[in-house]
Amino acid sequence: NAGVMQNPRHLVRRRGQEARLRCSPMKGHSHVYWYRQLPEEGLKFMVYLQKENIIDESGMPKERFSAEFPKEGPSILRIQQVVRGDSAAYFCASSPGGPIKNTEAFFGQGTRLTVV
Amino acid sequence: AQSVTQLGSHVSVSEGALVLLRCNYSSSVPPYLFWYVQYPNQGLQLLLKYTSAATLVKGINGFEAEFKKSETSFHLTKPSAHMSDAAEYFCAVSETGTGGFKTIFGAGTRLFVKA
C-alpha cells in the first residue's frame, strides 16, 4: 500500500508564474489536508478537502491560492502569480476520515517550492 | 478552538541523556493528541498518539508521552538520546471541524544531540 504521494518533490517557479502541486492520498483515504511549512517554522493548516468538496479552507490565503480534490485523480493545490513569499514546503496528508477522530493523518514527503 | 503550545523551539542534549520535549494544549473537550517527527527534507512520521485509553503512551524509537489532564500537558520523553534522534518534533491535537477533523500543530521543537 503506497503512502501519500506528492509530486513534484521540488518545484522552481519565476515570480508571476503558476505552481501546481499534486497529492495522491493513500488507498482508501477520502480526506486530504494541505499544510504549508515556512523555513524554520511549524506546519500551518491551509485547507481540508473530501472528494469534490472543500470542507475547511480557513487557512488558505484569500487570493491566488485554490485547492481541489476531484472525483477522479489527485488533489491539486494551485498557486497563481507566485511571489517570493510563497517559497515553502507544502505537505499533503490524508486520512480515512469519518467519525473516527483519533485517526492520525499520514503525510507525504512534501513539495518544496522555490520562487525565483 | 483547540491549540497546541510547544515550549522551547530548540532543545540540546548529550548523547545518552534524557530527552524531554514539552507540549501543552488547550481544549474544551477530551483531546486526541499526537507527536510527529520530521527528519531533514522529509515528511512527518507519527511517533505516538493519545486516544483516551492509557495516559502513558509508548511510541516508536523508544519515545513515550504522558497525558496529564490536570496540567493540560502531553510531554514527550526518551530515557537515553541517540544521535539519530536529532530532528524536529511536532505536537498536534485533533480538532473537530465542519464535517470532520483536522490536525493542529505546534510550532515544533528542534532536537540537537551532542556526542
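No experiment lies behind these values; they were computed from the predicted model shown. Chain letters run A, B, ... following the sequence lines, proteins first and then strands; every chain starts at 1.
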Discussion item. If the condition is side-chain contact (heavy atoms from CB on, under 4.5 Å), which residues does P61(A) pass it with, not counting sequence neighbours?
Written reply: R36(A), M46(A), F65(A)
Discussion item. Can you tell me which residue among K78(B), K58(B), K49(B) is in a salt bridge (Lys or Arg N to Asp or Glu O under 4.0 Å) with E64(B)?
Written reply: K58(B)
Response to the item:
Under 4.5 Å to a heavy atom of chain A? For Q6(B) that would be neither
Fill in: Structural part of Q6(A) lying under 4.5 Å from a heavy atom of chain B
neither
Worksheet entry | Residue Q81(A) excluded, over 12 heavy atoms near CD under 6.0 Å | no
Worksheet entry | Engaged part of L44(B) at the chain A interface, taking heavy atoms whose separation is under 4.5 Å | both
Worksheet item: What pairs with R78(A) under side chain to side chain donor-acceptor pair (under 3.5 Å), at least two apart in sequence or on another chain?
Response: E18(A)
